[in-house]
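For reference, the structure discussed in these notes is given below.
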Amino acid sequence: VPLMMDEALDYLEKRQKRDPSFTYEVIVVDDGSKDQTAKVAMKYCKKYGSDKVRVLSLVKNRGKGGAVRMGVFSSRGKKILMADADGATKFADIEKVEEENVSLSNNSLICIPVQNQMAISCGSRAHLEKDSIAKRSYFRTLLMYGFHFLVWFLCVKEIRDTQCGFKLLTREAALRTFSTLHIERWAFDVELLYIAQRLRIPIAEVAVNWTEIEGSKLVPFWSWLQMGRDLLFIRLRYMTGAWQLE
């Protein structure tokens, strides 16, 4: 958390000094963790003020999707950025996804009011795939390709990297997609983009700088198995009408 918070707040504070009209808030969601996440985040809240940094603590672990949804519904901004707490993505790359987000919004139908224009720009590590394969075991590479195939075959065909935790959404796009979301674990990104595609929300993929951070909570085989199961649920439950778009 400190790595991400220091980098993000340093960038945001400097940007606000350059442009006084720019405002921001950082929401840290503690998903019922047993570590010191909330305690560490509260130090930033005291330093920068509760209007700029807020900490939400869930009593029970709900999974990454559930935590992100809580943060989205608590946010107040016109643009909402999802970012992982490990700081794997360079925060300054927000400018890349923001530029693409604006471009998508401007290319929306002119008759749509500005406040209702929807767009999602996704940070992507797809351009780093060859290097990452060289560092992974054969088994992990096989699991990765299997997951990518299932994502493409069952749910999302246009985005190569659905799992990068660096996504920028317009407020309207965030509310429309997250209000329909069902998956609360690791595969929630796929359902989010599946919903966006079904609603014809413009989506773009943007290459970002990314560094693998040690200490992942994913256990490769079981996590991929769980995500594979969730992908089947997404496709089947929307096809049968058990889950419906709002």
Side-chain angles (χ1 to χ4, degrees), residues 63-69 82-84 86 88-89 93 96-97 100 104 119-169 173-174 176-178 180-245:
K64 183 180 178 182
V68 172
R69 181 166 57 183
M82 295 161 39
D84 290 338
D86 59 7
T89 305
D93 280 353
K96 294 180 182 179
V97 293
E100 190 62 37
L104 289 174
I120 301 175
S121 46
C122 307
S124 174
R125 304 158 297 181
H127 61 296
L128 303 171
E129 193 170 281
K130 288 184 179 179
D131 290 336
S132 66
I133 288 173
K135 298 175 184 177
R136 282 195 177 103
S137 67
Y138 177 78
F139 180 63
R140 287 192 62 144
T141 300
L142 187 65
L143 287 174
M144 181 190 72
Y145 275 125
F147 179 75
H148 286 177
F149 173 76
L150 286 176
V151 170
W152 175 85
F153 185 71
L154 295 172
C155 302
V156 180
K157 298 187 183 298
E158 298 175 4
I159 302 298
R160 291 175 63 195
D161 182 9
T162 58
Q163 300 309 108
C164 180
F166 203 75
K167 296 180 176 67
L168 184 69
L169 304 87
R176 286 292 303 277
T177 51
F178 276 92
T180 305
L181 199 71
H182 296 85
I183 300 293
E184 292 197 326
R185 295 289 167 182
W186 296 98
F188 86 96
D189 298 84
V190 179
E191 187 189 3
L192 181 77
L193 295 174
Y194 178 80
I195 293 167
Q197 283 191 346
R198 291 281 302 273
L199 294 175
R200 297 190 177 183
I201 296 173
I203 310 171
E205 198 167 9
V206 184
V208 295
N209 293 294
W210 185 85
T211 305
E212 188 159 359
I213 305 296
E214 293 184 7
S216 171
K217 294 181 180 178
L218 279 175
V219 179
F221 179 75
W222 296 112
S223 61
W224 291 114
L225 194 65
Q226 182 187 53
M227 288 193 288
R229 182 201 64 183
D230 287 343
L231 296 182
L232 286 171
F233 281 167
I234 292 168
R235 184 60 183 269
L236 292 174
R237 289 181 176 177
Y238 279 109
M239 281 184 63
T240 59
W243 292 351
Q244 296 188 6
L245 299 174

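Residue numbers count from 1 along this sequence. Hydrogens, waters and symmetry mates are skipped; everything else that's a heavy atom, side chains included, is used.
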Q.
Donor-acceptor pair, distance only, cut-off 3.5 Å: does the side chain of K157 make one with the backbone of W152?
A. yes
Q. Is there a donor-acceptor contact under 3.5 Å from the side chain of Q163 to the main chain of W186?
A. yes
Please tabulate, one pair per line, all N/O donor-acceptor pairs under 3.5 Å involving side-chain atoms of residues 199-208, not counting sequence neighbours.
from	atom 1	to	atom 2	distance (Å)
E205	OE1	R160	N	3.0
E205	OE2	S124	OG	2.9
E205	OE2	R160	N	3.2
E205	OE2	D161	N	2.8

Q: Could you go through the side-chain contact (heavy atoms from CB on, under 4.5 Å) check for F178 and L192 one step at a time?
A: CA-CA 7 Å; F178 276 92; L192 181 77; 3.6 Å; yes
Q) What are the two closest non-hydrogen atoms of E191 and T180, and how far apart are they? A) OE2-O, 3.9 Å
Q. Going through the distances and angles, do R176 and L169 end up as a side-chain contact (heavy atoms from CB on, under 4.5 Å)?
A. CA-CA 10 Å; R176 286 292 303 277; L169 304 87; over 6 Å; no
Q | salt bridge (Lys or Arg N to Asp or Glu O under 4.0 Å) partners for D230, two or more places apart | A | none
Q. Of all residues at least two apart in sequence or in a different chain, which pass the salt bridge (Lys or Arg N to Asp or Glu O under 4.0 Å) check with R235?
A. none
Q) What closest approach, in Å, do T89 and C164 show between heavy atoms, and which atom pair accounts for it? A) OG1-SG, 4.2 Å
Q. Residues in ring pair (Phe, Tyr, Trp, His ring centres under 6.0 Å) with F233, at least two apart?
A. none
**Q.** Taking every non-hydrogen atom, the tightest pair across E100 and S121
**A.** CB-CB, 4.2 Å
(Q) I'd like to check the ring pair (Phe, Tyr, Trp, His ring centres under 6.0 Å) partners of F188; sequence neighbours left out, ordered by chain and number. (A) none
Q. Closest approach of I234 and A187, non-hydrogen atoms and distance?
A. CD1-O, 4.2 Å
Q) Taking the inter-plane angle between the rings of F153 and F149 on a 0 to 90° scale, is it parallel (under 30°), tilted (30 to 60°) or perpendicular (over 60°)? A) parallel
Q) Would a distance-only check, ignoring hydrogens and angles, find a side-chain to backbone donor-acceptor pair under 3.5 Å from R185 to Q226? A) no
Q: Please step through side-chain contact (heavy atoms from CB on, under 4.5 Å) for the pair L245 and I195, ending with a clear verdict.
A: CA-CA 7 Å; L245 299 174; I195 293 167; 3.9 Å; yes
Q. Going by the angle between their ring planes, with limits at 30° and 60°, are Y238 and H182 parallel, tilted or perpendicular?
A. perpendicular
Q: Identify the heavy atoms of A174 and T177 that sit nearest to each other, and give their distance.
A: O-OG1, 3.2 Å
**Q.** For L150, side-chain contact (heavy atoms from CB on, under 4.5 Å) partners two or more places apart
**A.** L154, L231
Q. Short question: side chain of K167, backbone of V97 - any donor-acceptor pair under 3.5 Å?
A. no
Q. Can you tell me if D84 uses its side chain to pair, donor with acceptor, with the backbone of D86 under 3.5 Å?
A. no
Q: Would you sort out whether V151 and M227 count as a side-chain contact (heavy atoms from CB on, under 4.5 Å), showing the intermediate values?
A: CA-CA 10 Å; V151 170; M227 288 193 288; over 6 Å; no
